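Notes follow once the structure below has been shown.
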Amino acid sequence: MENYQDIVKLSQQFGINAEYASEAFYPVFRASLAGKNILVLTDENTVRYGRPFASRLADAGLSVSLYTIPEKEPVADEKTCALVAGRLAPYDYVLAVGAGTLNDIAKYTTFHAGKKCGVLASAASMDGFTSGVTPLIKKGFKITENAQTVSDILIDFDILCAAPKIMTGAGTGDILAKFCCLTDWKMSHLLNGEAYNEEAASLMRVALGQCVDSIESIKACGRQGIDDLMRALLISGYAMVIAGSSRPASGAEHHMSHFLEMDFLRRGERIPLHGVKVGLGTMVSLRMYKRLKDLREDFEGKETAVGLAEALPEPEWVAGVLSSLGCPTRFSELGVAADTVRDMLFNCYKIRDRFTIMTLYNKFGFMKGAADELMDLYY
Ligand SMILES: [Zn+2]
């Protein structure tokens, strides 16, 4: 379990203080904030962690206030960002108590206000903790905005292990997706000569391997598993910095997720958890890789692609892991129409000019022969 020291050191290289809960109550974090005005930012769900945390900071002599966004599940949109931004003037530092959304709001608003921020993670649910950009919803569209990375990430296993199971499932989906991201990238490197960064890829691959080794513990939301999962989620952010792009952490499964997000936004509906959609996309990508060897058609680089596919896990294995964590294994469970999912299979590769298994199927005309099977399996 004691992976603490190496992730702490690695984080330092990226200017981030990753600090674990202990008797000493985050001494590095506290020392860096002496004499500063701190705002602890929560929503109605995470205030149960934020309030006692703020009291302990105050007891330790720090100047601290608490603000709770008056919603159980806020969305990172213009309205919520404006609400938070309007309260920042008296403070030097914002500590978000949450995961994706709260972290995004804090990173974005403090960046524009010229202040620093950190996060007390409430769930191991996604890999955006250490990312310097943030997804926001503006005028009904999801866009990626410049933000800053957190200065501190505070990790308390008592909190992470108590998170709703599906949030751990979402984080697991975002990590198991790396099988596909890394393979999409490697395939593009071998077939198209796209630049590839072995340092970033191997850092991600090792962290992913540790999660696979601990998969039973992750499924049980045990400490060892959550430790390896959280570590991999942080490393994912660092691998992107090393690669200078999101390649090590985002492939066709993320394009599928983005495609569906646009549909949810168009319909004005709440978007399902990122990692839940990405987990479904991972099953589709893995199936597409696995069926390459049975394709009658030939294409340049087929042998290479089939070889890469052999090293991948079976999609059924991923489905088993994610369903035991309360995640759906069919798109229909998300509340999305069959036509939309079919449309996704044929068009999501256009979202970005990035070669993936989806690009390969669509550009070479293989999707026509695969779509019915994929719909049967995953819709
Ligand atoms: Zn992701």
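We count ligands from 1, going down the list as the structure has it; atoms in each ligand are counted the same way. Not measured: the values here are computed from a predicted model.
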Would you give the angle at the Zn ion (ligand 1) between His254 atom NE2 and His274 atom NE2, to the nearest 10°? 100°

Metal proximity, Asp127 vs the Zn ion (ligand 1), N/O/S cut-off 2.8 Å: no

Regarding Asp77 and Thr80, do their side chains bring together a donor and an acceptor under 3.5 Å, going by distance alone? yes

Would you confirm whether the ring centroid of Tyr361 sits within less than 6.0 angstrom of the ring centroid of Phe299? no

Do you know which N/O/S atom name in Asp174 is closest to the Zn ion (ligand 1)? OD1

Before we go on, tell me: are the rings of Phe331 and Tyr378 under 6.0 Å apart, centre to centre? no

Scanning both residues in full, the closest heavy-atom pair of Ala123 with Phe129 reads O-CZ, 3.4 Å

